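Heads up, the thing below is written out as structure tokens.
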Amino acid sequence: MLKFFHRMASPKYFYQFAGKLIPWLGVACLGFMLAGLYDGLLVAPTDYQQGDSYRIMFVHVPAAWMSLFIYMVMATAGAIGLIWHIKLAEVMAISSAHVGASFTFLALVTGSIWGKPMWGAWWVWDARLTSELILLFLYLGVIALYNAVEDKRTAARATSILALVGVVNIPIIHYSVEWWNTLHQGPTVTKFDAPSIDLRMLIPLLLMAVAFKLFYAVVVLMRARCEILQRERNSGWVKELVRASS
Amino acid sequence: MSEFFHMGGYAFYVWMSYGIALVVLLGNLLSPILLKKRLLRELARREQRSRRP
């Protein structure tokens, strides 16, 4: 096991291993997503209050969960990169930023589309929505900062610090619906009690959540491979790879 | 079937959400694929230039 981790720290092995892993993760992701879509759109019953509009939940909630999860992965990887100077951790951190930003955007937009028929407004400045918007700006800030610095090792250090500072926003987002009087509803799944949601709605939600996690894994590995190619462009194995592909 | 697409009167909101989700997911997949292609092309060009005397 230790040998495995040691080898994975080498960019070349990671590049090859990720390349082998991606198709399997992709197939699993597609399976979960199709099952979740079928279950969520066709099997799950209509909500007695919200009608069929609640089905937006099956993309909105997984996207919102992932926006927080990916941020924590990014900040943790950034911290590991800062402390132990592991290049691969830096690569994983910056590769997560783009996916995280897109999921945050998706959570905000689908939430807005859900809000219009249910609340009568596309947007309100309540604590949950505002703190999630700040999360999007944090992601965009991380990406912009990374691109602004020429030397990628320095850029990774700077962005890791920014990402770590931004972690303060994560509990604010999570608890915003409890700390403040928000229009956004409270949690029905991620709490210490039993989930207060019908099982027939919970199952597709969880299927979609797993699908989104697998999707993130696929995309972050694809991005990490690109980042490694760029950083290792002067090493022998990348040159060989370039020669073989052209 | 048409009832399914009608979504109890919320068709516009529901399908718009799923449509945007699809676009975001496809964009996420496409961007590293294009990036890798561009990178390999760039690196190949650099390699050729460095080999020229």
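Just so we're on the same page: letters track the sequence lines, and every chain starts at 1. Keep in mind the model is a prediction, meaning the values are calculated, not measured.
Using a 4.5 Å cut-off between heavy atoms, Leu37(A) touches chain B through its side chain atoms alone. Using a 4.5 Å cut-off between heavy atoms, Val24(B) contacts chain A through its side chain alone, with no backbone atom that close. Looking at Met33(A), only its side chain comes within 4.5 Å of chain B, counting heavy atoms on both sides. In this structure, chain B has no heavy atom under 4.5 Å from any part of Glu227(A). If you measure heavy-atom distances from Val99(A) to chain B, the contacts under 4.5 Å come from both the backbone and the side chain. For Tyr13(B), the parts lying under 4.5 angstrom from a heavy atom of chain A are both the backbone and the side chain. Only the side chain of Arg46(B) comes within contact range of chain A, with heavy atoms under 4.5 Å apart. Using a 4.5 Å cut-off between heavy atoms, Ile20(B) contacts chain A through both its backbone and its side chain.
Note on ring orientation: taking the six-membered ring where Trp is involved, the planes of His60(A) and His184(A) are tilted (angle from 30° to 60°).
Contacts with chain B were tallied for Pro117(A), Ala63(A), Gly111(A), Ser102(A); Pro117(A) has the most, counting heavy-atom pairs under 4.5 Å. Listed options Val218(A), Thr46(A), Val219(A) were ranked by heavy-atom pairs under 4.5 angstrom with chain B; first place goes to Val219(A).
A salt bridge links Glu232(A) with Lys87(A): the closest approach of a Lys/Arg side-chain nitrogen to an acidic carboxylate oxygen falls below 4.0 angstrom. Comment: Asp126(A) does not engage Arg128(A) in a salt bridge, judged by the lack of any side-chain N to carboxylate O separation of less than 4.0 angstrom.
Between the side chains of Arg223(A) and Ser31(B), a donor-acceptor pair is found at a separation under 3.5 Å.
Between Phe212(A) and Trp65(A), the distance separating the two ring centers is not shorter than 6.0 angstrom.
Arg55(A) has its side chain within reach of Phe58(A): a pair of non-hydrogen atoms, C-beta onward, lies under 4.5 Å apart.
Annotation: Trp123(A), atom CH2; neighbour count of heavy atoms from other residues, nucleotides and ligands within 6.0 Å is above 12.
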